Amino acid sequence: MAKTPEEKETYLKKALEVHPKFLVAANDLSAMYLERNEPHPELLEPFVKPGTKKIPTEAKSNLVAAYLATQQYLRADSIAEELPDTPEYHKTKLYVDVLNGRFDNAIQEISEESPVNEVVLLLALKANDRAWTMAQKLGNSPEEEYLKAIAANRVDEYMAAMSHLENALRLKPELRDIAKIDGDIIELLEDLEGKEVDE
């Protein structure tokens, strides 16, 4: 019925206002928000409370995705346990494992997906020397430069870390907000800001 995504969103919101237990509307709206990278786990949470009927697997999967996107990893874990062990949900369960610190079964598969994933996992495992070796093979996107800065800093390659951080911030200044609260980078950022003031 809706001719545009905006119209569809309006209809779904109205449907939920009138019928708060309308699972299909909540699930469709949740999926729309996930596609826009605006997760809203609270849309599906009422349907997984104790005493409620079982919800379809697709809705559980959307709720897991919303929890992961909002860094609620333990909540994602509890719902992901209910997902079937099928190829369709394998990746979801794998990422839930990794984000809950269970790397053993996942490291090989996720590392094979991309060099960035491998570096992130190596850093998470505190395999810093190997992370730095692999990070040096990454490309030059802002995020890759940022990862190189972290990996270099972890192995006391100060000049390389500063150079990569400078590149990352030049390419994507909004990374500075992350760097301000990143324990791996915060001291480098302070040094970089001091250098910028001196210049």
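Count residues from 1 along the sequence. Remember, predicted model here, so these are calculated numbers, not experimental data.
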What do the steps show when you test Met162 against Glu157 for side-chain contact (heavy atoms from CB on, under 4.5 Å), and what is the final call?
CA-CA 9 Å; Met162 286 290 284; Glu157 291 284 348; over 6 Å; no
Derivation of the side chain to side chain donor-acceptor pair (under 3.5 Å) call for His90 and Glu109
CA-CA 11 Å; His90 175 70; Glu109 189 172 338; 3.0 Å; yes
Between Ser61 and Glu58, is a side chain to side chain donor-acceptor pair (under 3.5 Å) present by the stated rule, with each step listed?
CA-CA 5 Å; Ser61 179; Glu58 182 188 338; over 6 Å; no
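Each of Pro41, Pro39, Ser30 was checked for a side-chain contact (heavy atoms from CB on, under 4.5 Å) with Asn62, and the lone residue meeting it is Ser30. With Ile150 as reference, Ile185 is the one residue of Ile185, Val119, Val120, Asn128 to meet the side-chain contact (heavy atoms from CB on, under 4.5 Å) rule.
A distance-only check finds a donor-acceptor pair linking the side chain of Arg154 to the backbone of Leu123 [under 3.5 Å]. A donor-acceptor contact shorter than 3.5 Å is absent between the side chain of Glu38 and the backbone of Tyr33. A distance-only check finds no donor-acceptor pair linking the side chain of Asn117 to the backbone of Glu113 [under 3.5 Å]. Looking at Asn100, its side chain does come within 3.5 Å of a backbone N or O of Tyr73 through a donor-acceptor pair. At distances below 3.5 Å, not a single donor-acceptor pair connects side-chain atoms of Glu35 with backbone N or O atoms of Met32. Counting only distance, with no hydrogens or angles, the side chain of Thr70 and the backbone of Ala66 share a donor-acceptor pair below 3.5 Å. With hydrogens and angles disregarded, a donor-acceptor distance shorter than 3.5 Å links the side chain of Asn153 to the backbone of Asp184.
Val24 and Tyr11 are members of different hydrophobic clusters when ILVMFWY side chains are connected at heavy-atom separations under 4.5 Å. Linking ILVMFWY side-chain heavy atoms closer than 4.5 Å, directly or via other members, places Leu175 and Val116 in a single hydrophobic cluster. Hydrophobic clustering (ILVMFWY, side-chain heavy atoms < 4.5 Å, transitive): Leu43 and Val18 are in distinct clusters. Hydrophobic clustering (side-chain heavy atoms under 4.5 Å, transitive across Ile, Leu, Val, Met, Phe, Trp, Tyr) groups Leu138 together with Leu169. Using a 4.5 Å cut-off between side-chain heavy atoms of Ile, Leu, Val, Met, Phe, Trp and Tyr, with links allowed through other members, Met159 and Leu192 fall into the same hydrophobic cluster.
The two atoms that bring Pro142 and Ala168 nearest to each other are O-CB, 3.4 Å, heavy atoms only. Contact record, Leu189 with Leu165: N-CD2, 3.8 Å, taken as the closest heavy-atom pair. Closest heavy-atom contact between Thr57 and Pro84: CG2-CD, 3.4 Å.
Rounded to the nearest 0.5 Å, atoms NE2 (His19) and CG (Leu16) are 10.0 Å apart. The line from CG of Asp129 to CE of Met134 is 13.5 Å long, rounded to the nearest 0.5 Å. To the nearest 0.5 Å, the span separating CZ on Phe47 from CG on Asn27 amounts to 9.0 Å. Put simply, CD on Gln72 and OG on Ser78 are 10.0 Å apart, with the number rounded to the nearest 0.5 Å. Note that the CD atom of Glu45 and the CG atom of Leu63 stand 6.5 Å from one another [nearest 0.5 Å]. From Leu68, atom CG reaches atom CD1 of Ile79 across 11.5 Å, with rounding to the nearest 0.5 Å.
Between Tyr146 and Ile178, the closest side-chain pair of non-hydrogen atoms falls below 4.5 Å. Using a 4.5 Å heavy-atom threshold, the side chains of Leu147 and Glu143 count as separate. In this structure the side chain of Thr86 reaches within 4.5 angstrom of the side chain of Tyr89, judged on heavy atoms. Within the 4.5 Å cutoff, the side chain of Ile55 has no heavy atoms near those of the Leu44 side chain. Under the 4.5 Å side-chain criterion, counting only non-hydrogen atoms from C-beta, Lys137 is not in contact with Lys148. Annotation: side chain of Pro56 is in contact with side chain of Leu23 (closest heavy-atom distance under 4.5 Å). Contact check for Ile181 versus Ile186: no side-chain heavy atoms found under the 4.5 Å cut-off.
Glu166 has no carboxylate O lying under 4.0 Å from a charged side-chain N of Arg170, or vice versa, which leaves the two without a salt bridge. Under 4.0 Å is where a charged nitrogen must lie from a carboxylate oxygen, and between Lys54 and Glu82 no such pair does. Ion pairing between Lys172 and Glu145 fails under the 4.0 Å rule for side-chain N and carboxylate O. Remark: Lys93 does not engage Asp77 in a salt bridge, criterion side-chain N to carboxylate O under 4.0 Å. Salt bridge annotation for Glu193-Lys180: absent, with no cationic side-chain nitrogen under 4.0 angstrom from a carboxylate oxygen. Between Glu9 and Arg36, at least one side-chain nitrogen of the basic residue sits less than 4.0 Å from a carboxylate oxygen of the acidic one, meeting the salt-bridge criterion. Between Lys14 and Glu17, none of the side-chain N atoms (NZ, or NE/NH1/NH2) sits under 4.0 Å from a carboxylate O, so this pair counts as no salt bridge.
The environment of Asn37 atom CG is sparse: at most 12 non-hydrogen atoms of other residues, nucleotides or ligands sit within 6.0 angstrom. The environment of Glu42 atom CD is dense: over 12 non-hydrogen atoms of other residues, nucleotides or ligands sit within 6.0 angstrom.
A donor-acceptor contact closer than 3.5 angstrom is absent between the side chains of Glu187 and Tyr158.
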